[in-house]
Amino acid sequence: GNAVGWRFAAPANEKSVAILVPEATPDHVRILAYNLTDKPVTASMTGWEVDPGTWTLTQGTSADAEHLPAPGDALQQSTTRSLLFERSRSTEVTFAPRTTTVLELKLSKPGVPYWSRPDLGIGPDDIRRSGDRLSVTVHSLGAVDAAASRVVLRDQAGKVLATARVPALKAPLDLYPKTATVSLRLPQHSELHGLSVSVEGAGSVPEITENNNRVTF
């Protein structure tokens, strides 16, 4: 299964580290990674087929340079930390040069199940400009109803330029689209390049994913 995904910080790339995932269940993932370069490689590790919640991440390097480490083998420079981890959420890890790094993730406290979450989404095709107005169509995509939210227009520096309230939306349990369209006023003579539009929930229940909550021009 696709337990985790990777994005490597330049100048490293997907050829810089050899990665093996010998164990992957929704609540336990074990990763062996050998950094082929002579410099530390930093990567963003994103969860996919894992259960949501608080996870414990133990990381260390192998004490045996000639063999793949087995479960329970002693690790050098071992560290342990807690983190929130789930589908589409990322955490940063660093692989030491020319050695095998062992990552072991264990779910310590389950979070809100995906099937009990709302999900709001927007895409580039949902945003249309007419003069000094932006029309934004927000979709409800989750398993439960979504509380009232807001659409926010920001500039490159993150300054809020305009907002609009989005009403509560039903979940599409009947397989028909559930949407709401709102309007934002653009600053006078404004260009879209560099601006962003995001939909931001106000409820206490997390969304299935926030990867579909923002469009940047």
Side-chain angles (χ1 to χ4, degrees), residues 1-121 123 141-144 171 201 204-214 216:
N2 184 25
V4 295
W6 305 92
R7 186 179 297 275
F8 297 92
N13 56 41
E14 68 277 3
K15 296 181 180 180
S16 301
V17 183
I19 297 175
L20 174 68
V21 185
E23 299 175 45
T25 65
D27 60 3
H28 179 216
V29 181
R30 187 166 181 267
I31 300 164
L32 309 179
Y34 187 84
N35 180 353
L36 298 162
T37 75
D38 57 3
K39 298 181 184 299
V41 170
T42 298
S44 177
M45 179 177 66
T46 303
W48 290 112
E49 296 303 321
V50 295
D51 287 344
T54 301
W55 288 67
T56 300
L57 170 59
T58 300
Q59 176 174 344
T61 55
S62 174
D64 187 343
E66 297 183 359
H67 301 90
L68 287 176
D73 284 357
L75 298 177
Q76 298 176 334
Q77 300 176 327
S78 179
T79 61
T80 300
R81 59 186 171 99
S82 293
L83 69 155
L84 293 176
F85 197 57
E86 60 182 46
R87 186 182 303 166
S88 77
R89 183 182 286 268
S90 301
T91 189
E92 188 175 280
V93 295
T94 300
F95 302 111
R98 300 290 182 185
T99 191
T100 298
T101 296
V102 179
L103 303 171
E104 187 154 17
L105 295 107
K106 294 182 179 180
L107 180 65
S108 55
K109 183 180 179 182
V112 179
Y114 300 121
W115 58 84
S116 298
R117 298 183 178 196
D119 190 32
L120 296 170
L141 306 167
V144 299
S204 59
V205 179
E207 294 187 46
I208 293 175
T209 178
E210 294 187 0
N211 280 6
N212 56 0
N213 285 33
R214 183 184 179 95
T216 300

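If you're wondering where the values come from, they're calculated on a predicted model, not measured in any experiment. Below, each value reflects all heavy atoms present in this structure, side chains not excepted, and no hydrogens, waters or symmetry copies.
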Exactly one of Leu32, Ile31, Leu103 should register a side chain to side chain contact (heavy atoms under 4.5 Å, CB included) with Val21. Which one does? Ile31
For residues [X] and [Y], report the shortest heavy-atom separation together with the two atoms involved.
{"X": "Phe85", "Y": "Val4", "value": "CZ-CG1, 4.2 Å"}
{"X": "Leu84", "Y": "Arg89", "value": "O-CD, 2.8 Å"}
{"X": "Thr101", "Y": "Ala96", "value": "OG1-N, 3.8 Å"}
{"X": "Thr209", "Y": "Asn212", "value": "O-OD1, 3.4 Å"}
{"X": "Gly142", "Y": "Ala171", "value": "O-CB, 3.6 Å"}
{"X": "Asn211", "Y": "Ser88", "value": "ND2-CB, 3.5 Å"}

Residues which pass ring pair (Phe, Tyr, Trp, His ring centres under 6.0 Å) with Trp6, listed by chain and number, not counting sequence neighbours: Phe95
Atom [atom1] of [X] and atom [atom2] of [Y]: how far apart are they, to the nearest 0.5 Å?
{"X": "Arg98", "Y": "Thr100", "atom1": "CZ", "atom2": "OG1", "answer": "12.0 Å"}
{"X": "Glu23", "Y": "Leu105", "atom1": "CD", "atom2": "CG", "answer": "11.5 Å"}
{"X": "Leu83", "Y": "Ser108", "atom1": "CG", "atom2": "OG", "answer": "8.5 Å"}

Test of understanding: with side chain to side chain donor-acceptor pair (under 3.5 Å), list the residues that count as partners of [X], not counting sequence neighbours.
{"X": "Ser78", "result": "none"}
{"X": "Asn213", "result": "Glu207"}
{"X": "Thr56", "result": "none"}
{"X": "Thr80", "result": "Thr58"}

Residues that [X] engages under side-chain contact (heavy atoms from CB on, under 4.5 Å), provided they are two or more places apart:
{"X": "Thr37", "value": "Ser16, Asn35, Lys39, Val41"}
{"X": "Glu92", "value": "Thr42"}
{"X": "Pro113", "value": "Trp115, Ser116"}
{"X": "Leu36", "value": "Tyr34"}

Quick test of your reading: applying salt bridge (Lys or Arg N to Asp or Glu O under 4.0 Å), list the pairs with at least one residue in residues 2-17, sequence neighbours left out, ordered by first then second residue. none
Do [X] and [Y] have side-chain heavy atoms sitting under 4.5 Å apart?
{"X": "Thr79", "Y": "Arg81", "answer": "no"}
{"X": "Leu107", "Y": "Val50", "answer": "no"}
{"X": "Pro118", "Y": "Val205", "answer": "yes"}

Contacts of Arg117 meeting salt bridge (charged side-chain N to carboxylate O under 4.0 Å, His left out) (sequence neighbours excluded), chain-then-number -> Glu86
Partners passing salt bridge (charged side-chain N to carboxylate O under 4.0 Å, His left out) against Glu210 (at least two apart in sequence or in another chain):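 Result, salt bridge (charged side-chain N to carboxylate O under 4.0 Å, His left out) vs Glu210: none returned.
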